[in-house]
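Everything below concerns the one structure shown next.
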There are 2 protein chains.
Amino acid sequence: MIETPYLLFLGDAPDQLAVKVAQGIKDWRPENAVGQFRLEGCKADLGLADMTLREAKAAGAKTLVIGVANRGGVISKAWKKVLVTALEEGFDLASGLHNLLRDEPDLVAVAEATGRSLHDVRVPEVDYPIANGVKRSGKRCLAVGTDCSVGKMYTALAMDREMQARGMKATFRSTGQTGILITGDGVPLDAVVADFMAGAVEWLTPDNDPDHWDLIEGQGSLFHVSYSGVTMALIHGGQPDALILAHEPTREHMRGLPGYSLPGLEALRDMALTMARVANPACEVVAISVNTQAMSEDEAVAYLAETEARMGLPATDPFRFGAGKLVDALAAMG
Amino acid sequence: MIETPYLLFLGDAPDQLAVKVAQGIKDWRPENAVGQFRLEGCKADLGLADMTLREAKAAGAKTLVIGVANRGGVISKAWKKVLVTALEEGFDLASGLHNLLRDEPDLVAVAEATGRSLHDVRVPEVDYPIANGVKRSGKRCLAVGTDCSVGKMYTALAMDREMQARGMKATFRSTGQTGILITGDGVPLDAVVADFMAGAVEWLTPDNDPDHWDLIEGQGSLFHVSYSGVTMALIHGGQPDALILAHEPTREHMRGLPGYSLPGLEALRDMALTMARVANPACEVVAISVNTQAMSEDEAVAYLAETEARMGLPATDPFRFGAGKLVDALAAMG
């Protein structure tokens, strides 16, 4: 569990794309973002107040989050100076970088001396159990995709926001590094040892109120040969009551797999539902979330209408048109 | 890669069941088993020559394999003395125990001083790649089960033996600790980090001659909620040409999961084949391997005949009736 709120470290980011983790925190948990810290030459700007470490500390920030991708996998000297000073001034550090904070001896030494924590969110910090398959109270929703990176995390976050606004009981449950930094906790599922994947998802989504929804962040795709095992563990460990199909209609092949075409929504529905009902016989496919960013608005509207008619399910793009239809589908389950 | 042949350490095994790893080595790779080493009070016997470390060394043994489960998860003093002496006399050590050789400081110190290796086969020793899904040459066969522990490893080993006897090109590819100790190499798939599972299976089953068969050891079951992700990674990483359905007809619920009933062979066939064809559109389900050990011979024969008629596929119990039918099914694929 990472202590919030954060000061967002943007470093010397060459462009706005390099700070997408920080952008996600600011977009989805603005209350977690006290301000931003930029080095000379930083080309990114979140529109937050620029703060020194002292100012951020005074404003209540607990953790300096590295919200920028570093270049060449190296934590530069310019960064290091800020990170060390942050530890000395009482901040914890959190990072989703491939090269780990805990592998930097100077950071480890200062963190130990000052009693601060280094959070590498790519590395599991819990000994997860083996899944036991016991039915849990409360309700769970999982987005499953025709491919990786079709908007599953966005869908769950947008539904969470809409459900909070409606006064429904809901919790976004993160299973990836960006989501963990956004909310401050979760399971880095792709880094969990195989035998414990489904158990980690059970651990993440425990018993809850009967009318509470866990919105579980999806990963991979049953049809993506590199990561399908992770998706399967989400379906069986999450024992979802509701599945949402996620799709990007213009993609020409599976992400990173030339020669592999995307499955149809029908194939995804049949496969995911059959597998989900092993763990939860009451599971239903309730809606479709389409990433229409490569389409004009007219094309998107037409595609969604055609998809609704063909699949007999509500379909929307939560980024473009809001998550209302998706939340309506959950609410209709009672 | 563990150096063969072995001296099999049976320790102070309380009964024959406790040495089933050693029994597997002796049954399936007798040429790897130079002899057995027993401590006072050992109640197990493989029928191999009892040897001192010196005698085994003289007979060519390279590695002392711990072929017995230890009690209480502790490597006892009585064992330790033999293990240390073995390292000093030039043996490597190999173990599938939960408590690792590498966590024993005295063994590590002696291994370093003598230049010997400690092989903990539960721990991956390779940095596996992420799966790329590229089609590989050669053929692959995978057994998929209605449940865990229905005879998938046995099926693959029995087919391997039959194919060697027929002069066919075949390699048993181990994905679990027992199989790794039997053959000396493989991938401990349940201990691999999630993102690399399918890549580990690709690594294990590389390009080969067009008429060569990899017989991949199956794990878990698509229908077992604790381990289905591992099974999925085998199906997509292994890109099998041939699937064999494995089943134990008398089991009352999924192993370790009271309340979860076993799927039918039809459901397993449909699910596994659909998923396998994502990676290899030419994949076929070719035969059924039934574990009939809880049935009389008459019952077994009747069950197999009924299953063949119902499924339209050859069915046998390779332990009871040999693997000939299963190998015939591969041979018929050309």
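Both backbone and side-chain heavy atoms feed into the values below; hydrogens, waters and symmetry mates do not. Chain letters run A, B, ... following the sequence lines, proteins first, then strands; residues in each count from 1.
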Problem set entry | Check: Phe223(A) and Met275(B) side chains under 4.5 Å, non-hydrogen atoms |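 Side chain of Met275(B) against side chain of Phe223(A), heavy atoms only: contact under 4.5 Å found.
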How close do [X] and [Y] get, counting heavy atoms only, and between which atoms?
X: Ser226(B); Y: Ala131(A); result: OG-O, 2.7 Å
X: Asp190(B); Y: Ala194(A); result: O-CB, 3.6 Å
X: Asn132(A); Y: Leu257(B); result: O-CD2, 3.3 Å
X: Gly229(B); Y: Met197(A); result: CA-CE, 3.9 Å

Exercise. Among Pro124(B), Pro258(B), Ala191(B), who wins on heavy-atom pairs under 4.5 Å with chain A?
Worked result: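 Maximum pair count with chain A is reached by Ala191(B).
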Exercise. Out of Ala198(B), Ser228(B), Gly199(B), which one racks up the most heavy-atom pairs below 4.5 Å with chain A?
Worked result: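 Among Ala198(B), Ser228(B), Gly199(B), the one with the most close pairs to chain A is Ser228(B).
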Problem set entry | Portion of Val278(B) that has a non-hydrogen atom of chain A nearer than 4.5 angstrom |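 Contact with chain A: backbone and side chain both.
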Can you tell me if [X] has over 12 outside heavy atoms packed within less than 6.0 Å of its [atom1]?
X: Arg251(A); atom1: CZ; value: yes
X: Asp127(B); atom1: CG; value: no
X: His253(B); atom1: NE2; value: yes
X: Arg269(B); atom1: CZ; value: yes

For this session: Please determine, among Leu234(A), Asp195(A), Val192(A), Ile130(A), the option with the most heavy-atom pairs under 4.5 Å with chain B.
Result: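 Among Leu234(A), Asp195(A), Val192(A), Ile130(A), the one with the most close pairs to chain B is Asp195(A).
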Problem set entry | Under 4.5 Å from any heavy atom of chain B - which part of Gln239(A) |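 The side chain, not the backbone.
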For this session: Please lay out, stage by stage, how Met232(A) and Leu222(B) fare under the test side chain to side chain contact (heavy atoms under 4.5 Å, CB included).
Result: CA-CA 8 Å; Met232(A) 183 61 95; Leu222(B) 287 177; 3.7 Å; yes
